[in-house]
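Residues: numbered from 1 along the sequence shown.
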Amino acid sequence: MPGTSPVILILGAGPNIGQAVARTFASKGYKVALASRSLKEEDSTDDQLNITSDFSNPEDVVSAFTKVRKALGVPSVVVYNAGSLTSSPPNDPFAIPLAGFNRDMAINTTSAFVAAQQAVLGFAELPSSAARSFFFTGNILNLKVLPGFVSQGAAKSASAHIIASAAAAYKDKGYKFYYVDERKADGSAKYRVDGDAHGKIFSELAEAQTQGPWLQTFVKDLGYKDFGDLYRL
């Protein structure tokens, strides 16, 4: 049954970022809901709800929110951490099949849009003291072209636009939206990202009272860093 503890919903609960973020917020008293294809719902506990979900189907996002609301309550923090890539030859970006492109767009963008939509519906029911924060796990592809990553780059760019729009539109309501991108200290892409570092920055941003820069580029142990015009499409 729903209780008084705050709730975090992590969509795309992999072993790195997803699990690390879950640990961080659990240590701060949050009830945790995790959704991914590999989780078994029968392994749920009193403090952690597991939801079997496939985010190539956006309806699974709606179903996840419904299950969380019923079991734990309205999530005040939502993390969209699912991702998909159908790689292409570096010199032939249109070689990927349409089915792969559509799947990547569904997982990286359409389901993220639905998650943000559902999050806002829930935020409207929560008090102003609640975190009311939405995090999208991004990367450098919204700003830099990398050969072989055309489908994910297109999707991350679209999702970045969604997050920027939401951060501006809901700022006065106190809802916070972030596209989070871990970088190396020189601003270049970091391919082996640190889950615990994500947990730390997500927690700090959730606890903040106001919206910070929606494009949350950060460096482990340093926090947010604005890399300015280092990369621009």
* To do: Determine, step by step, whether Val62 and Gln118 satisfy the side-chain contact (heavy atoms from CB on, under 4.5 Å) criterion, reporting the C-alpha distance in whole Å, the side-chain angles of both residues, the deciding distance to 0.1 Å, and the verdict.
  => CA-CA 7 Å; Val62 178; Gln118 291 291 309; 4.0 Å; yes
- What do the steps show when you test Phe218 against Val180 for side-chain contact (heavy atoms from CB on, under 4.5 Å), and what is the final call? CA-CA 8 Å; Phe218 79 99; Val180 183; 3.6 Å; yes
Phe55/Ser84 under side-chain contact (heavy atoms from CB on, under 4.5 Å): CA gap, chis, key distance, verdict
CA-CA 10 Å; Phe55 299 119; Ser84 178; over 6 Å; no
Val150/Phe94 under side-chain contact (heavy atoms from CB on, under 4.5 Å): CA gap, chis, key distance, verdict
CA-CA 8 Å; Val150 64; Phe94 296 128; 5.6 Å; no
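Of the possible polar contacts, none joining the Ser111 side chain to the Ile107 backbone as a donor-acceptor pair under 3.5 Å is found. Side chain of Thr109 to main chain of Ala155: a donor-acceptor pair is present (N/O by atom type, distance under 3.5 Å, no hydrogens or angles). With hydrogens and angles disregarded, no donor-acceptor distance shorter than 3.5 Å links the side chain of Thr217 to the backbone of Gly187. The backbone N or O of Asp194 lies less than 3.5 Å from a partner atom in the side chain of Glu182, making a donor-acceptor pair. Ser203 places no side-chain N or O within donor-acceptor distance of the main-chain N or O of Lys200, the cut-off being under 3.5 Å. Looking only at distances, no side-chain donor or acceptor of Arg183 sits under 3.5 Å from a matching main-chain atom of Lys225.
Nearest heavy-atom pair, Asn142 versus Ser157, reported as atom, atom and distance to 0.1 Å: CA-OG, 3.5 Å. Residue Ala119 comes nearest to Phe134 through the heavy atom pair CB-CD1, 3.9 Å, listed as atom of the first residue, atom of the second, then distance. Of all heavy-atom pairs spanning Gly12 and Asn81, the tightest one is O-ND2, 2.7 Å. The two residues Leu11 and Ala64 come nearest to each other via the heavy atoms CD2-CB, 4.1 Å. Nearest heavy atoms, Ser36 versus Ala13: CB-N, 3.8 Å. Across all their heavy atoms, Leu85 and Gln152 have their closest contact at CB-NE2, 3.7 Å.
The OH atom of Tyr30 sits 11.0 Å away from atom CD1 of Ile10, with the distance rounded to the nearest 0.5 Å. Thr110 contributes atom OG1, which lies 6.0 Å from atom CE of Met105 (distance to the nearest 0.5 angstrom). Atoms NZ and CD, on Lys176 and Gln216 in that order, are 11.5 Å from each other to the nearest 0.5 Å. Atoms CD1 and CH2, from Ile163 and Trp214 in turn, are 8.5 Å apart once rounded to the nearest 0.5 Å. Separation of atoms CG (Asp60) and CZ (Arg37) is listed at 11.0 Å; rounding is to 0.5 Å. Annotation: the span from Asp181 atom CG to Lys156 atom NZ amounts to 9.0 Å, rounded to 0.5 Å.
Side-chain heavy atoms closer than 4.5 Å link hydrophobic residues (I, L, V, M, F, W, Y) into clusters, and following such links, even through other members, never connects Phe135 to Tyr80. Linking ILVMFWY residues whenever their side-chain heavy atoms come closer than 4.5 Å, directly or via other members, places Val193 and Val79 in the same cluster. The hydrophobic cluster containing Leu143 also contains Leu146, counting ILVMFWY residues as joined when their side-chain heavy atoms lie under 4.5 angstrom apart, directly or transitively. Clustering ILVMFWY residues whenever any of their side-chain heavy atoms sit less than 4.5 angstrom apart, transitively, puts Ile8 in a cluster other than the one holding Ile51. Linking Ile, Leu, Val, Met, Phe, Trp and Tyr whenever their side-chain heavy atoms come within less than 4.5 Å puts Tyr179 and Tyr191 in one cluster.
For the pair Asn16/Arg192, no side-chain contact is recorded, criterion being any heavy-atom separation below 4.5 Å from C-beta on. Using a 4.5 Å heavy-atom cutoff, the side chains of Tyr178 and Gln211 are in contact. Contact annotation: the side chain of Leu34 approaches that of Gln19 to within less than 4.5 Å [non-hydrogen atoms, C-beta and beyond]. Inter-residue side-chain proximity for Lys173 and Arg132 is flagged as unmet; no heavy-atom pair is nearer than 4.5 Å. Within the 4.5 Å cutoff, side-chain heavy atoms of Pro75 are placed close to those of Phe65.
Side-chain atoms of Asp54 and Ser56 form a donor-acceptor pair, as typed in the model, at a separation below 3.5 Å.
More than 12 heavy atoms of other residues, nucleotides or ligands shown are found within 6.0 angstrom of NZ on Lys190. Within 6.0 Å of CD on Glu42 lie more than 12 heavy atoms contributed by other residues, nucleotides or ligands. By the neighbour-count criterion of 12 heavy atoms within 6.0 Å, atom CG of Asp172 is sparsely surrounded, having that number or fewer from other residues, nucleotides or ligands. Atom CZ of Phe227 has more than 12 neighbouring heavy atoms from other residues, nucleotides or ligands inside a 6.0 Å radius. At most 12 heavy atoms of other shown residues, nucleotides or ligands fall within 6.0 angstrom of atom CG in Asp46.
By the 30° and 60° cut-offs, the orientation of the rings of Phe123 relative to Tyr175 is perpendicular.
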